[in-house]
Amino acid sequence: MSNKKNFETLAVRTQSETTQFSEHSVPLYLTSGFVFDDAEEMRASFAEEKQRDLYSRYSNPNTNEFIEKVCLMEGAEAGFAFSSGMAAIFSTFGALLSAGDHVVSCSSVFGATHGLFTKYFPKWNINCSYFDVKDVDKIESLIQPTTKFIYAETPTNPGVDVLDLELLSSIAKKHGILLIIDNCFATPYLQQPIKFGADLVIHSATKLMDGQGRVMGGITVGNKELIREIYLFSRLTGPCMSPFNAWVLSKSLETLAVRADRHCDNALKLAEFLESHPKVKWVKYPFLKSHPQYEIAKKQMLKGGSIVAFEVEGGVEGGRNFFDNIKMCSLSANLGDTRTIVTHPASTTHAKVEAEVKLAVGITDGMVRCSLGLEHIDDIIADIKQALEA
Ligand SMILES: *Cc1c(COP(=O)(O)O)cnc(C)c1O
């Protein structure tokens with residue numbers, strides 16, 4: 001399909017070829033292998049002289065469709081789909097890094113990604129240096145001759161800070177290194193990092209891509225040659241996405257834009273409500289004028305995203321009181337669901353992160369991360385208001 005179509009149309013109309021049954025909705029290809037007509041076809045296929053599916057650890061019609069769709073949405077040349085977001089992150093690192101390499105990462109990254117950097121990288125003699133979201137001027141001084149890439153998420157988790165993608169990419173280009181962005185919080189509907197110069201973009205498809213809290217998935221898209229390296233690594237190591245999950249996720253992408261619009265509208269309304277509430281110490285949302293990187297968010301994002309962070313009065317006690325009084329919203333660590341979720345990062349997702357790192361990435365005792373769902377905004381606000389005032 002032509003690249004000139006609009007985002008929503010690409011999401012709905014990108015489909016695998018119709019079979020002899022003329023189905024309207026894509027079938028589920030639950031098959032581990034594929035058959036060949038003769039010895040020559042088998043040889044040519046394995047020699048990659050012929051492009052076709054061989055084995056579902058390598059590719060499958062359902063995963064191919066999901067990958068093609070995300071590539072069109074992100075403006076990427078190629079991609080590979082994984083069983084989870086962490087499988088995408090780990091396999092991308094595994095394919096690109098060697099012993100002795102160095103990585104520069106934002107300190108505000110997903111907890112498990114941070115765990116890879118601190119627990120497993122040292123074992124393979126890969127070093128990592130961190131920069132603070134508020135201190136991007138420091139990035140250049142961290143780059144070494146062995147630095148392979150800059151890694152970052154924007155908006156960040158859970159502090160919803162915004163990093164300037166154009167700035168990161170100009171630093172990476174100047175030093176001849178790669179820029180890898182985890183675009184999970186924004187989704188390709190709100191932000192396309194490749195447009196701003198990123199080489200690779202990673203997603204946990206488990207979050208807003210599925211958007212309904214059902215299946216796990218991940219994907220890395222971007223530069224063809226780099227994806228080829230990631231594909232070869234993944235062919236051998238087996239972190240592939242299941243055809244079933246790819247089928248679910250490809251369907252989910254058809255509704256991403258309408259869902260994201262509502263998630264974002266609800267998030268902005270909640271953020272504005274919280275800003276005026278006396279029991280709330282501070283609120284962070286990229287499209288609030290009070291957000292420290294509001295101008296950058298406006299430059300690179302279509303809307304502000306589905307996550308709002310705020311701090312309730314009273315520290316740990318205040319936080320616990322708030323969570324214990326929530327009636328409708330879900331207390332969970334997940335995000336990007338139809339249901340509104342409230343999380344306490346200090347005691348859950350970031351409980352294992354050292355105290356000083358926690359503070360540096362903006363996680364305070366009474367901080368709440370709210371992932372806005374698709375319920376009516378009046379009901380969401382009513383629940384959060386009564387919990388604040390209880
Ligand atoms: C959830 C998440 C991941 C990990 O994805 P899984 O699908 O849970 O493995 C990575 N990055 C970000 C920003 C996430 O929110």
Assess the side chains of [X] and [Y]: does a donor N or O sit below 3.5 Å from an acceptor N or O?
X: N183; Y: Q191; result: yes
X: H102; Y: S129; result: yes
X: T220; Y: T92; result: yes
X: S59; Y: D53; result: yes
X: R214; Y: S252; result: yes
X: K69; Y: S250; result: yes

Q. Quick one: does F82's side chain get under 4.5 Å of S234's, heavy atoms only?
A. yes

Return the orientation label for the [X] and [Y] ring planes: parallel under 30°, perpendicular over 60°, tilted otherwise.
X: F93; Y: F121; value: perpendicular
X: F233; Y: F90; value: perpendicular
X: H114; Y: Y130; value: tilted

Q. Are E254 and K251 close enough for a salt bridge, meaning some N to O gap below 4.0 Å?
A.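 Here E254 pairs with K251 in a salt bridge, since their nearest N and O are under 4.0 Å apart.
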
Q. Do the numbers put K298 on top of the ring of F287, so that NZ or CZ is under 6.0 Å from the six-membered ring centre and no more than 45° off the axis?
A. yes

Q. What do you reckon, are the aromatic ring centroids of F7 and Y189 less than 6.0 Å apart?
A.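 Aromatic pair counts; centres sit under 6.0 Å.
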
Q: Might you confirm whether atom CD of E49 has over 12 heavy atoms from other residues, nucleotides or ligands at distances under 6.0 Å?
A: yes

(Q) Main chain of R13, side chain of K5: is a donor-acceptor contact present, judged purely on distance under 3.5 Å? (A) no

Q | side-chain contact (heavy atoms from CB on, under 4.5 Å) assessment of E375 paired with N266 | A | CA-CA 9 Å; E375 303 96 334; N266 280 352; 5.6 Å; no

